[in-house]
Peer 1: 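One structure coming up, written as structure tokens, with questions to follow.
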Amino acid sequence: MTDKSNEIPEELLLQEKRLLRGTHSVEPAGGLAHKLMVSKQRGTPLRIKLGLDPTSPDIHLGFAVVLRKLRQFQDLGHQVVLIIGDYTALIGDPSGRSATRPMLSQEEVAANASTYVDQLSRVLDRSRTEVRFNGEWLGKLDFASVVGLLSRMTVAQVLQRHDFKERFEQNHPISLHELMYPLSQAYDSVIIHSDIEMGGLDQTFNILAGRELQKEMGQEPQIGLFMPLLVGLDGVKKMSKSLGNYVGIAESPIDMFSKLMSITDEMMRDYFVLCTDIDLDEMEALLKDCASGVTNPRDVKRRLAQEVVTIYHSKEAAIEADAECIRVHSSRELPTEIPSAVVPAEVIEEGKVWICKLLVSTGMASGTGEARRLIQQGGVKLDGEKVADATQLISVSQLEGAVLKVGAKRFVKLSVS
RNA sequence: GGGGAGAUACCCGAGUGGCCAAAGGGGACUGACUGUAAAUCAGUUGCGACAGCUUCAGAGGUUCGAAUCCUCUUCUCCCCA
């Protein structure tokens, strides 16, 4: 791939440019154009690998960053190979973690995997997607082969990886089996003859390990295409299932929309670039107006949220969600759909219910202590009336059909059993 | 195999006989304000209709009194071999 770079046709360079939107880096640099050209010359689509870790079934926007990139490749005729890490899930990927991951049972893995594939089709083109379970080959390795594989990597190499290094230096436990993770992922690349492996930046080590192993085993090495990690809703850590700071791609338009509206102003750019298809020049203009005070950042966020909801649902759903969120959050009115809750009979005494018990029994507070606190802080309203007294008893006749509101955004419609 | 260190509330982490329901931070929640749901500021954050009750890995023990001292158990880390 050394001296041919100037021969790359214009068309492929354009493709490359589009494919590089939002990417963090390509390893080795320039490798993408080379792969595209090889594919064109041979007339075979590229095999683009993505490993999935079926630990938890929700696919979130952070992960979708990578998926959407895969879709771009598919639209150019390339083949996506998804590796469901059913076998490696038994190990637990240590990437980006400071603690050992729990191992999963086979049943959990299987259940998660099927949910995964289901959700994936929201982004990917199924006809150009091959789904493989790495247990298919990893499960067949005997001990001698495993040891043989292990001999291709040294402890020093593995300890280079920052998360291992960190844990090692801080005296946090590292189990031996975790050290095998990069190698087993690398072996996946060998088996499926991967041309490109996609991943978040946290996958750098694993993906490069794949390159090394392929080279050692006489294959043309894959290139690594790295996407930046999307910052989670907390604005600090990467978006992840286990941290709970995520937006799932299967979530309802309303949930998606309102979560996106709660990101900090600084996060908007990344979200636009990585989670939407918005024209980048247009985005710059929006952000500029926002910074200069011409536009309320809230409205730029609305645009962002609309773009995202449109991708996973529809334009109509986005507009609806927008209106709904404005109604609830900006105007602080009642949402159109209010979940209902039944007031259980055991909290009713002589036709009356203590307000704190009511809050607890309808799931609005975790204990009467919290309920009391919420009332004292003025966060509880019953049918629009602020509840001022935490000792208040409410007669049942007042409750049927009444709306109980806690904080700015939690509502239930009451009914008496 | 031997020696040492450690396990504290959602998380991190102080506390080494009573003043400890346990500092501080993070997170979460509520309120005020705003340009919004962001930012900022304030309050709350074991349970409890507030009298009390149950917590500091688990089980026993010492003591008027234990997160703190002793014994055993479980788990983790370090060092030596």
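Here is the naming used below: chain letters follow the sequence lines, and residue numbers restart at 1 for every chain. Below, all heavy atoms of this structure are taken into account, side chains as well, without hydrogens, waters or symmetry copies.
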Peer 1: Distance between the C1' atoms of B:G15 and B:U55, in whole angstroms?
Peer 2: 15 Å
Peer 1: Distance check needed: B:U45 P versus A:Gln376 CD, whole Å only.
Peer 2: 10 Å
Peer 1: Is A:Glu136 salt-bridged to A:Arg132, going by a charged N under 4.0 Å from an acidic O?
Peer 2: yes
Peer 1: Considering residues, nucleotides and ligands other than A:Glu337, do more than 12 of their heavy atoms fall under 6.0 Å from its CD?
Peer 2: no
Peer 1: The side chain of A:Ser330 is closest to which nucleotide in this list: B:A37, B:A49, B:A38?
Peer 2: B:A37
Peer 1: When the distance from CZ of A:Arg372 to P of B:C50 is rounded to whole Å, what number comes out?
Peer 2: 8 Å
Peer 1: Please give the distance between the C1' atoms of B:U34 and B:G27 as a whole number of Å.
Peer 2: 24 Å
Peer 1: With nearest nucleotides of RNA chain B determined for A:Ala408 and A:Arg302 from heavy-atom distances, which residue corresponds to the more 5′ nucleotide?
Peer 2: A:Ala408
Peer 1: Quick check with a 6.0 Å cut-off and a 45 degree axis cone: is A:Lys259 positioned over the face of A:Tyr246's six-membered ring?
Peer 2: yes
Peer 1: Could you tell me how far B:C72 sits from B:G52 if I compare only their P atoms? Round to whole Å.
Peer 2: 39 Å
Peer 1: Under 3.5 Å, is there a donor-acceptor pair linking the side chains of A:Gln214 and A:Ser189?
Peer 2: no
Peer 1: May I have the distance from A:Lys405 (atom NZ) to B:G31 (atom C1'), rounded to whole angstrom?
Peer 2: 13 Å
Peer 1: B:C47 and B:A22: how far apart are their C1' atoms, nearest whole angstrom?
Peer 2: 16 Å
Peer 1: Under a 3.5 Å limit for both distances, which nucleotide forms a Watson-Crick or G-U wobble pair with B:U40, could you say?
Peer 2: B:A32
Peer 1: With both distances kept under 3.5 Å, what pairs with B:G27, Watson-Crick or G-U wobble?
Peer 2: B:U45
Peer 1: Tell me, with the steps shown, if A:Glu307 and A:Thr276 meet side chain to side chain donor-acceptor pair (under 3.5 Å).
Peer 2: CA-CA 6 Å; A:Glu307 291 285 336; A:Thr276 75; 5.1 Å; no
Peer 1: Closer than 3.5 angstrom, by distance alone: can the side chain of A:Gln185 be matched with the main-chain N or O of A:Asn206 as a donor-acceptor pair?
Peer 2: no
Peer 1: Looking at every strand, decide which applies to A:Ser258 at a 4.0 Å heavy-atom threshold: base, sugar-phosphate, or nothing.
Peer 2: base
Peer 1: Between A:Gln203 and A:Glu197, does any side-chain donor sit less than 3.5 Å from a side-chain acceptor?
Peer 2: no
Peer 1: CZ of A:Arg298 versus C1' of B:C33: gap in Å, rounded?
Peer 2: 15 Å
Peer 1: Which residues within residues 349-368 of chain A lie with some heavy atom under 4.0 Å of an atom in RNA chain B?
Peer 2: A:Trp354, A:Lys357, A:Gly367, A:Thr368
Peer 1: Please state the P separation for the pair B:C11 and B:G46 - nearest whole angstrom.
Peer 2: 14 Å
Peer 1: Give me the distance, rounded to whole Å, that separates B:G4 from B:G48 when you measure between the P atoms they each carry.
Peer 2: 45 Å
Peer 1: Figure out the NZ/C1' separation between A:Lys381 and B:U30, and round it to whole Å.
Peer 2: 13 Å
Peer 1: Both distances under 3.5 Å, Watson-Crick or G-U wobble: report the partner of B:C75, or none.
Peer 2: B:G6
Peer 1: Which nucleotide in the list B:C50, B:A37, B:A39 gets nearest to the side chain of A:Thr264?
Peer 2: B:A39
Peer 1: Roughly, in whole Å, what's the span from CD in A:Glu266 to C1' in B:A37?
Peer 2: 14 Å
Peer 1: Between A:Gln306 and A:Asp322, do the side chains contain an N or O donor and an N or O acceptor separated by less than 3.5 Å?
Peer 2: yes
Peer 1: Between A:Met268 (CE) and B:A39 (C1'), how many Å, whole number?
Peer 2: 12 Å
Peer 1: Is A:Glu282 salt-bridged to A:Arg303, cutoff N-O under 4.0 Å?
Peer 2: yes
Peer 1: One thing to verify: whether A:Asp265 and A:Lys301 come together as a salt bridge, which I'm taking to mean a side-chain N less than 4.0 angstrom from a carboxylate O.
Peer 2: yes
Peer 1: Quote, to the nearest angstrom, the P distance that separates B:U16 from B:A7.
Peer 2: 13 Å
Peer 1: Only pairs with both distances under 3.5 Å count, Watson-Crick or wobble alike; so what is the partner of B:G1 in this structure?
Peer 2: B:C80
Peer 1: Say you pick atom P in B:G2 and the same atom in B:U8; how far apart are they, in whole Å?
Peer 2: 27 Å
Peer 1: Measure from the side-chain heavy atoms of A:Cys325 and tell me the nearest of B:A37, B:A49, B:U36.
Peer 2: B:A37
Peer 1: For nucleotides 23-29 of chain B, read 5' to 3', which letter fits each nucleotide if B means a protein heavy atom sits under 4.0 Å from the base, S means only the sugar-phosphate is that close, and - means neither?
Peer 2: ------B
Peer 1: Between A:Gly378 and A:His329, just flag the one whose closest nucleotide in RNA chain B comes earlier from the 5' side.
Peer 2: A:Gly378
Peer 1: Check every atom of B:A37, B:A49, B:U36 against the side chain of A:Arg332 and return the nucleotide holding the closest atom.
Peer 2: B:A37
Peer 1: Which residue, A:Arg68, A:Lys69, A:Arg71, forms the salt bridge (Lys or Arg N to Asp or Glu O under 4.0 Å) with A:Asp277?
Peer 2: A:Arg68
Peer 1: Starting at CG of A:Asp265 and ending at P of B:U34, how long is that distance when rounded to a whole Å?
Peer 2: 17 Å
